[in-house]
Amino acid sequence: MGRISRSYPKGKLKLRAPKKAQPDKKYQIYIEYNWQADNARKSTGISVFAKEWNDKGYGGIGEIRATANTDYKYYNNALHKRIEDIDMKIHQYYEIHQHITCDIIRSFLDDNDEVLRPDGGKDFITFAKELIESRYNKGKIGVSTWKNGISYLNKFEEYLLLEHKGTHGEHKELIYVSEINEDLLIDFRKYRFLAKKKTTTVNKTLSPILQACEYACQLGYVSHHLNAALQDLYMKEEDRLDDEENNIKYLRQEQLEELVAAYDAVEQPRRKEFLEMWLFAFHACGMRMVDVMTLRWKDIDFKNRVIRKVQVKTRNRNTIPLNEPVFRILDKWKGRNKVFVFDLLPENFDLNDNEAIYRRRNSWNNTINTSLRTISHELKWKQNLTFHVARHTWSVLALASGADISEISRLLGHTTTGVTERVYAEFLPDNLASVVDKLGFDFVPKIDGKKTA
């Protein structure tokens, strides 16, 4: 039988001496690896006479003879330990990558162990900038997002240098991808606030950093647990009241019933699908159009009957309980798109690109609202039906049914109950009065001989 070929080489010690070595001259001992018609070698800094070297000693690795001097054991131990350490690194690298080259071995001989890191020794700033460049070149982001992303990463690099937060580089201004951690980004966030930056600006600064962390997680450079914690570093922003929220339009219960009854009469298949999306948004506690569009199957926990989703507008993690109407709608949409529930985005769509999200959202919003307005026109309603009406309808009917304002606020995904109160202020008095009536407190003594009713 032939010799079994190895998957990676073992190191040996070689005395770099000619065949006819001079007896009074010392020659250097080298560590040498031969692999795939190439070799990697490095001097150990130790020299001996040719007669003091045993090329076949220590199991063929090589060793200094006992006749050399009294320190031969010390030097042999040091040389063999060095070989064993490099052999171990070669083994570790092969276990990860299933291949090895002499260039990798040379890096180990030079005490450069970066290739053994989970990230392969990649610098985070360079890694993040390459990601932005790649996304821009593929047309996934626009020029403004690209330029701003590079600028924000330069700010982070500046922070690493000024605050001495880096781990490598000439001035410790750089950090490896796998060394990114939660405390570092929390401190960077504080640093930006000290520069009197607003929450929106700080979130934008974090965006390319956290996108790079997400990609690093996909590549296995950082753990899923760490990445989840990092993604939560986006700060909640106070909801801005847009025109749709300042101008409350909603359907009464009888109009909702009319809309459901009109479903079967809708002849165009796409218009019928848009109505299904509207009804889903209503039953999913007034989910926004942009969140319906970006809803993924993996956001839905069918076992526990909830949707867990990071809202696009506020970056707030929201949990929405599901009911039977929602399940009936979802069941119809299964199999259309492997990633996104309502098939409004391609399966490979990048949810990290906010600019692209809002371009798609505006386009679909116009298309869907055009169809919805046609339905309301056919029903002879005075007001137009739009997607956002679903959100207001759910909120107003929930308030009218006596739901607590704080519960409604949480289900809507508002950052504070104050936002909910501002939006639906005109609908609160009657609801609050009904709460007082339900309590029925009557703890007033007889006044003027009469007890109040």
Side-chain angles (χ1 to χ4, degrees), residues 1-18 27-48 53-64 75-131 133-134 166-170 172 174-181 212-224 226-227:
M1 293 180 63
R3 183 184 301 174
I4 299 174
S5 62
R6 292 199 308 266
S7 299
Y8 49 86
K10 295 284 188 177
K12 291 187 177 182
L13 295 168
K14 294 289 185 180
L15 188 69
R16 301 291 292 173
Y27 297 93
Q28 286 201 13
I29 301 170
Y30 279 73
I31 297 176
E32 185 172 281
Y33 287 84
N34 294 298
W35 186 242
Q36 296 178 341
D38 197 359
N39 64 69
R41 68 170 65 96
K42 187 176 181 66
S43 172
T44 64
I46 300 172
S47 300
V48 296
W53 181 250
N54 180 6
D55 198 48
K56 298 183 184 298
Y58 202 71
I61 292 176
E63 66 178 357
I64 302 171
Y75 288 120
N76 277 336
N77 287 337
L79 290 170
H80 297 149
K81 178 68 167 57
R82 177 73 171 142
I83 287 274
E84 289 170 6
D85 288 346
I86 297 174
D87 282 354
M88 179 57 71
K89 291 173 183 177
I90 291 172
H91 170 73
Q92 290 174 350
Y93 184 90
Y94 182 81
E95 287 294 303
I96 296 171
H97 302 282
Q98 296 299 300
H99 76 277
I100 191 76
T101 67
C102 272
D103 284 338
I104 298 298
I105 296 170
R106 291 185 188 101
S107 70
F108 294 147
L109 286 168
D110 291 334
D111 293 316
N112 180 1
D113 301 340
E114 290 183 354
V115 291
L116 282 178
R117 302 178 58 84
D119 53 25
K122 291 182 174 64
D123 171 63
F124 182 81
I125 299 295
T126 303
F127 175 79
K129 286 183 177 180
E130 287 175 350
L131 176 61
E133 294 282 355
S134 173
T167 57
H168 72 286
E170 184 179 355
K172 296 290 184 183
L174 306 173
I175 190 167
Y176 293 113
V177 175
S178 59
E179 290 179 337
I180 288 291
N181 59 79
C213 291
E214 178 72 31
Y215 185 49
C217 177
Q218 295 172 14
L219 297 176
Y221 298 160
V222 299
S223 69
H224 289 281
L226 173 60
N227 181 55

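Position 1 is the first residue of the sequence, and the numbers go up from there.
- Residues Met88 and His91 are in side-chain contact: their nearest non-hydrogen atoms beyond the backbone lie under 4.5 Å apart.
- Residues Ala128 and Ala212 approach most closely at CB-CB, 3.6 Å, considering heavy atoms.
- Taken from CZ in Arg41 to CZ in Arg16, the straight-line distance is 4.0 Å, to the nearest 0.5 Å.
- Between Asp123 and Lys129, no side-chain nitrogen of the basic residue sits less than 4.0 Å from a carboxylate oxygen of the acidic one, so the salt-bridge criterion is not met.
- No salt bridge links Arg82 with Asp85; every basic N to acidic carboxylate O contact stays at or beyond 4.0 Å.
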Q: Show your reasoning for whether side-chain contact (heavy atoms from CB on, under 4.5 Å) applies to His80 and Leu13.
A: CA-CA 9 Å; His80 297 149; Leu13 295 168; 3.8 Å; yes
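- Rounding to the nearest 0.5 angstrom, the gap separating the CG atom in Asn227 from the CD atom in Glu214 is 4.5 Å.
- Thr126 OG1 to Leu174 CG: the interatomic distance, rounded to the nearest 0.5 Å, is 7.0 Å.
- In plain terms, the two heavy atoms of Ala40 and Ile105 that are nearest each other are CB-CG2, 4.0 Å.
- Annotation: Phe127 is in aromatic contact with Tyr215 [ring centroid separation under 6.0 Å].
- Within 6.0 Å of atom OH in Tyr27, more than 12 heavy atoms from other residues, nucleotides or ligands are found, so the atom counts as buried in its surroundings.
- Cys217 and His224 get closest at one heavy-atom pair: SG-ND1, 3.2 Å.
- Considering only heavy atoms from C-beta on, Val177 stays 4.5 Å or farther from Leu219 through its side chain.
- To the nearest 0.5 Å, the span separating OG on Ser7 from CD1 on Ile100 amounts to 11.0 Å.
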Q: Decide side-chain contact (heavy atoms from CB on, under 4.5 Å) for Ile104 and Tyr93; before the verdict, give the C-alpha distance in whole Å, the side-chain angles of both, and the deciding distance to 0.1 Å.
A: CA-CA 9 Å; Ile104 298 298; Tyr93 184 90; 3.7 Å; yes
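- Taken to the nearest 0.5 Å, the CD1 atom of Ile86 stands 4.5 Å off from the CG atom of Leu109.
- Residue His99 qualifies as enclosed at atom NE2: its count of foreign heavy atoms under 6.0 Å is above 12.
- In this structure, NZ in Lys14 is found 12.5 Å from CD1 in Ile29, a value given to the nearest 0.5 Å.
- Among all heavy-atom pairs drawn from Ser47 and Gln28, the shortest one is OG-CG, 3.3 Å.
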Q. Should Ile83 and Ile31 be marked as a side-chain contact (heavy atoms from CB on, under 4.5 Å) after you check the CA-CA gap, both sets of side-chain angles, and the distance that decides it?
A. CA-CA 7 Å; Ile83 287 274; Ile31 297 176; 3.5 Å; yes
Q: Carefully, step by step, assess Lys42 and Asp110 under the rule side-chain contact (heavy atoms from CB on, under 4.5 Å).
A: CA-CA 8 Å; Lys42 187 176 181 66; Asp110 291 334; 3.3 Å; yes
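- The main-chain N or O of Glu179 is found under 3.5 Å from a side-chain atom of Asn181 such that the two form a donor-acceptor pair.
- For Trp53 (side chain) and Ala17 (main-chain N/O), no donor-acceptor pair under 3.5 Å exists by modelled atom type.
- Across every non-hydrogen atom of Asp38 and Cys102, the tightest pair is OD2-CB, 3.5 Å.
- With no hydrogens or angles considered, a side-chain donor-acceptor pair links Asp87 and Tyr33 at under 3.5 Å.
- Tyr8 and Tyr94 have tilted rings, their planes meeting at an angle from 30° to 60° on a 0 to 90° scale.
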